[in-house]
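For reference, the structure discussed in these notes is given below.
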Protein chains: 2
Amino acid sequence: MSKPVSAQALSRMPVYLHYLKALPTDKETNISAKALGLKLGFGEIQVRKDLAAVSDAGKPKLGYSVSELISDIEAFLGYDSVNDAVLVGAGKLGRALLSYEGFKANGLNIVAAFDSDEGKCGKDESGKQILPLEKLENLCRRMKIKIGIITVPAAQAQQVCELLISGGVEAVWNFAPTHLSVPQGVILKNENMAASLAVLSKRLSDKNSANKTAQVMQGKGDPK
Amino acid sequence: MSKPVSAQALSRMPVYLHYLKALPTDKETNISAKALGLKLGFGEIQVRKDLAAVSDAGKPKLGYSVSELISDIEAFLGYDSVNDAVLVGAGKLGRALLSYEGFKANGLNIVAAFDSDEGKCGKDESGKQILPLEKLENLCRRMKIKIGIITVPAAQAQQVCELLISGGVEAVWNFAPTHLSVPQGVILKNENMAASLAVLSKRLSDKNSANKTAQVMQGKGDPK
DNA sequence: ATTCAATCGATATTCTATTATCGATATACC
DNA sequence: GGTATATCGATAATAGAATATCGATTGAAT
Ligand SMILES: NC(=O)c1ccc[n+]([C@@H]2O[C@H](COP(=O)([O-])OP(=O)(O)OC[C@H]3O[C@@H](n4cnc5c(N)ncnc54)[C@H](O)[C@@H]3O)[C@@H](O)[C@H]2O)c1
Ligand SMILES: NC(=O)c1ccc[n+]([C@@H]2O[C@H](COP(=O)([O-])OP(=O)(O)OC[C@H]3O[C@@H](n4cnc5c(N)ncnc54)[C@H](O)[C@@H]3O)[C@@H](O)[C@H]2O)c1
């Protein structure tokens, strides 16, 4: 177990995990790579390879034990122990993330939010604290917070990032559409919605312009 | 121009675009691949390759003409003509997206939202309409909407997706943490926050367990 | 006009990820 | 118990992406 895993295989792990956890417990206790791939839109070989890297719950003829697979993936991702995080920027996106229950399933617990606007401070709808920015550094240190989530406007993101790091944060999840520079050793993950949109938009325009020219050349041949 | 572009190069295009557009217009009118890469955290060769695929605004010794580059990237991404979209699920995340001004810069215009909860219908803070679900299909057809954004709970996502498609939508941007199946020809892009989190969380736990063992073996050698 | 330095773009190489092949293994059926 | 079949896991082949190399081009300096 724990062979090298590509970044993309890693990204697929939560997809497997989410699907497996949603499976009815009374039904089959095993599932095959083929069946999983079919449901999730991956090839069966890819599924096998991905799973082989994190688990040995697979048995020939039987497939994988669902429950073993779940705990293996969780252990691999580190979701068995909860990660505490803080969020900075309690605006529209920030508050949506703050109150999102789904992160629990990914081992993430947002303990509090911070905002420079005093008017936004107090309790959130979901019952989480929104605190003034001044308290950030101290709280992070005290609670040994390792993850910071940035949902402030792009212009403020770099300074907020530095503040988090000076509070001891080691990993930053950035939703602002800007490049952040972080010192060596700090992990940075950008959530880049514009990138997704670009892919979507390009594929769409390619498809539509292809239609125009391809009207005639028909018959692309469907898979299988 | 318009040579083959990898999916990942495509994802970087909005990053270049955003940075270039934020550049002060009075300053230098040209920029080199090296300078761009430094600012955005990419290698200079990658920058050159990416840009070569969509533009010929590069001149030896001078670098790229910023303004030409902007319009070339915009044209390539199809951002010169605006894409209309609808959003389904005016919950916390949905409303954050609905009122987000930043999508304009990516050529996306969300014309309206839909929700099955009549209580949520009416005008949004940002002035956009939230309409009952029944009106979706008709409005999409009438306005020839090509893009649908899904921000409903996972359990409802598939049925909403089918509704969008029956309204003529050709591309779906899905924020629900579930796999959607779409007919051939319909474009599907999942915005998978759990995947990002998995990468972040894994890197963090790798780093921390590495620290424990590596206390001694020091000296990784920093880049250059 | 000639040379120099910067920088691009094309091609080649290396690295990474996906997909295919094939032998091994566990169950079910006879 | 022996055989057939589904399915896994390891290894090999292919495809795709990032990076390095190098000649070509441009403007500036002499
Ligand atoms: N809303 C979206 O759907 C969406 C989508 C993609 C990206 N984003 C990005 O996410 C970020 C937040 O977007 P939003 O729509 O929530 O904006 P918003 O204006 O609603 O929220 C920003 C919040 O940050 C706070 N803030 C500003 N400077 C701060 C500082 N220095 N320290 C702490 N808090 C500070 C503001 O008081 C405000 O509450 C932006 O960078 C935006 O580009 C938003
Ligand atoms: N909130 C977040 O930060 C976040 C982060 C990642 C993913 N997501 C995903 O985004 C989706 C929405 O999350 P949310 O926090 O906004 O939830 P939410 O409960 O606030 O909003 C969901 C909305 O969808 C509406 N809805 C339900 N069924 C519908 C249907 N059949 N047709 C139309 N509308 C319907 C509800 O009335 C509600 O307004 C969920 O799938 C969630 O997992 C949310």
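Because the structure is a prediction, the values reported are computed rather than measured. Lettering follows sequence order; numbering is per chain, from 1.
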Within the side chain of N109(A), is there an N or O that forms a donor-acceptor pair under 3.5 Å with the backbone of V111(A)?
no
Pairs involving residues 167-187 of chain A, ordered by first then second residue, that meet salt bridge (charged side-chain N to carboxylate O under 4.0 Å, His left out) (sequence neighbours left out)
E170(A)-K207(B)
For K92(B) and S99(A), which heavy atoms make the closest approach, and how far apart are they?
CD-OG, 3.1 Å
Closest heavy-atom contact between V47(A) and Y16(A)?
CA-OH, 3.5 Å
Considering only heavy atoms of chain B and a distance under 4.0 Å, specify the first and last nucleotide of DNA chain D in 5' to 3' order that meet this criterion.
dA17(D) to dG27(D)
K34(B) NZ to dC8(C) C1': how many Å, rounded?
13 Å
The complete set of salt bridge (charged side-chain N to carboxylate O under 4.0 Å, His left out) pairs with one or both residues in residues 148-166 of chain A, sequence neighbours excluded, reads none
Contact list for DNA chain D against residues 39-50 of chain B - heavy-atom distance below 4.0 Å:
I45(B), Q46(B), K49(B)
Length of the CG-P vector between N30(B) and dA6(C), whole Å
17 Å
Contact check, residues 7-18 of chain A vs DNA chain C, heavy-atom distance under 4.0 Å, returns A7(A), Q8(A), R12(A)
Assign the ring pair F103(B) / Y100(B) to parallel, tilted or perpendicular, where the plane angle (0 to 90°) is split at 30° and 60°.
perpendicular
Pairing of E74(A) and K21(A) as salt bridge, 4.0 angstrom limit
yes
All salt bridge (Lys or Arg N to Asp or Glu O under 4.0 Å) counterparts of E28(A), not counting sequence neighbours:
none
Just by distance, do the side chain of T151(B) and the backbone of V88(B) share a donor-acceptor pair under 3.5 Å?
yes
Quick one: closest heavy-atom pair of L77(B) and P14(B), and the distance?
CD1-N, 4.3 Å
